[in-house]
Amino acid sequence: MQAYATTLLRLALGVMTLAHGLLKIFVFTIPGTVAFFDSLGLPAIFAYLTILAEVGGGLALILGIYTRWVSLALVPLLIGATVPHLANGWLFSNPGGGWEFPLFWTLALLVQAGLGGGKAVLHPRFA
């Protein structure tokens, strides 16, 4: 059962990561995402790299491609998503969003990195 639980976690993380990347493209728009990163004092390139990491990383997780490495590579991104929310308190339902969800997501990625890809990977060689 552990391999199936690992797979379920990988797929959930992949779908969530991909959804957040696509949200930045189709809902917030790329210029809107760049403006938000600018409001945080971050360079515009970080917005583009974040979108690329979320879309590419989400797809890689869904397909089970280098799951451990992709999960670890996404951890700094999620730490970066957690930091702006620290002043808003714990709950993500707080105004401006708290830090509970991005921190949990960070920890789930670390767990995924430890577990590997599980079942249903594109090719076992890439798991």
Side-chain angles (χ1 to χ4, degrees):
M1 292 303 295
Q2 181 180 353
Y4 294 105
T6 299
T7 302
L8 182 60
L9 177 63
R10 175 177 54 84
L11 292 173
L13 288 169
V15 168
M16 285 181 9
T17 305
L18 177 61
H20 273 78
L22 295 177
L23 180 75
K24 288 172 179 62
I25 295 170
F26 295 114
V27 176
F28 300 141
T29 72
I30 294 174
T33 301
V34 169
F36 175 71
F37 276 61
D38 184 52
S39 77
L40 297 174
L42 298 171
I45 189 70
F46 282 20
Y48 296 105
L49 292 173
T50 298
I51 292 168
L52 180 65
E54 289 179 346
V55 172
L59 288 171
L61 288 174
I62 290 168
L63 296 172
I65 300 172
Y66 297 115
T67 300
R68 292 180 194 272
W69 293 108
V70 170
S71 296
L72 287 174
L74 289 171
V75 166
L77 185 78
L78 267 295
I79 291 171
T82 303
V83 171
H85 295 284
L86 290 176
N88 301 335
W90 168 252
L91 293 175
F92 206 66
S93 59
N94 289 350
W99 49 273
E100 90 187 69
F101 180 68
L103 178 64
F104 176 78
W105 195 350
T106 303
L107 295 175
L109 285 166
L110 288 170
V111 169
Q112 187 72 67
L115 294 172
K119 299 279 186 187
V121 296
L122 185 63
H123 190 284
R125 176 180 163 189
F126 301 118

(message) Assess the residue pair L72 and L110 against the criterion (side-chain contact (heavy atoms from CB on, under 4.5 Å)); give the C-alpha distance rounded to whole Å, side-chain angles, the decisive distance to 0.1 Å, and a yes or no.
(response) CA-CA 7 Å; L72 287 174; L110 288 170; 4.1 Å; yes

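Contact between G57 and T17 at its shortest, heavy atoms only, is C-CG2, 4.5 Å. When all heavy atoms are compared, the tightest approach of G117 to T6 is C-CG2, 3.9 Å. When all heavy atoms of H85 and P102 are compared, the pair lying nearest together is CD2-CG, 4.3 Å. Listed here is the closest heavy atom pair of L109 and L61: CD2-CD1, 4.3 Å. Across every non-hydrogen atom of P84 and A81, the tightest pair is CD-O, 3.5 Å. When all heavy atoms are compared, the tightest approach of V121 to G64 is CB-O, 3.7 Å.
Judged purely by atom type and a 3.5 angstrom limit, T7 uses its side chain to pair as donor or acceptor with the backbone of K119. A distance-only check finds no donor-acceptor pair linking the side chain of T29 to the backbone of I25 [under 3.5 Å]. Panel note: side chain R10, backbone L115; no donor-acceptor pair is recorded below 3.5 Å. Under a 3.5 Å cut-off, the side chain of R68 and the backbone N or O of G114 do form a donor-acceptor pair. Counting only distance, with no hydrogens or angles, the side chain of N94 and the backbone of N88 share a donor-acceptor pair below 3.5 Å. A donor-acceptor pair is defined here as one N or O able to donate and one able to accept, closer than 3.5 Å; such a pair exists between the side chain of T33 and the backbone of K24.
Put simply, I51 and F26 are part of the same group of oily side chains (I, L, V, M, F, W, Y) that touch within less than 4.5 Å, one to the next. In the hydrophobic clustering of ILVMFWY residues, with side-chain heavy atoms under 4.5 Å counting as a link, V70 and M16 come out together. L52 and L40 sit in two unconnected hydrophobic clusters of ILVMFWY residues. Membership requires side-chain heavy atoms under 4.5 Å apart, directly or through other members. In this structure, L9 is not a member of the same hydrophobic cluster as Y4, with clusters built from ILVMFWY side-chain heavy atoms closer than 4.5 Å. There is a path of hydrophobic side-chain contacts, each under 4.5 Å, that joins V111 to W105.
Side-chain contact between L11 and L8 is absent, with no heavy-atom pair separated by less than 4.5 Å. Counting heavy atoms from C-beta on, the side chains of F36 and L42 never come closer than 4.5 Å. Annotation: side chain of Y48 is in contact with side chain of V34 (closest heavy-atom distance under 4.5 Å). Contact annotation: the side chain of L18 approaches that of V55 to within less than 4.5 Å [non-hydrogen atoms, C-beta and beyond].
Using the six-membered ring where Trp is involved, W99 and W90 have ring planes that are perpendicular, over 60° apart on the 30 and 60° scheme.
Here NE2 of H20 is found 10.5 Å from CG of L77. Values are rounded to the nearest 0.5 Å. Here CG of L49 is found 9.0 Å from CZ of F37. Values are rounded to the nearest 0.5 Å. Residue T106 holds its OG1 atom at 4.0 Å from CG of L78, rounded to the nearest 0.5 Å. With rounding to the nearest 0.5 angstrom, the CZ atom of F92 is 13.5 Å from the CZ atom of F104.
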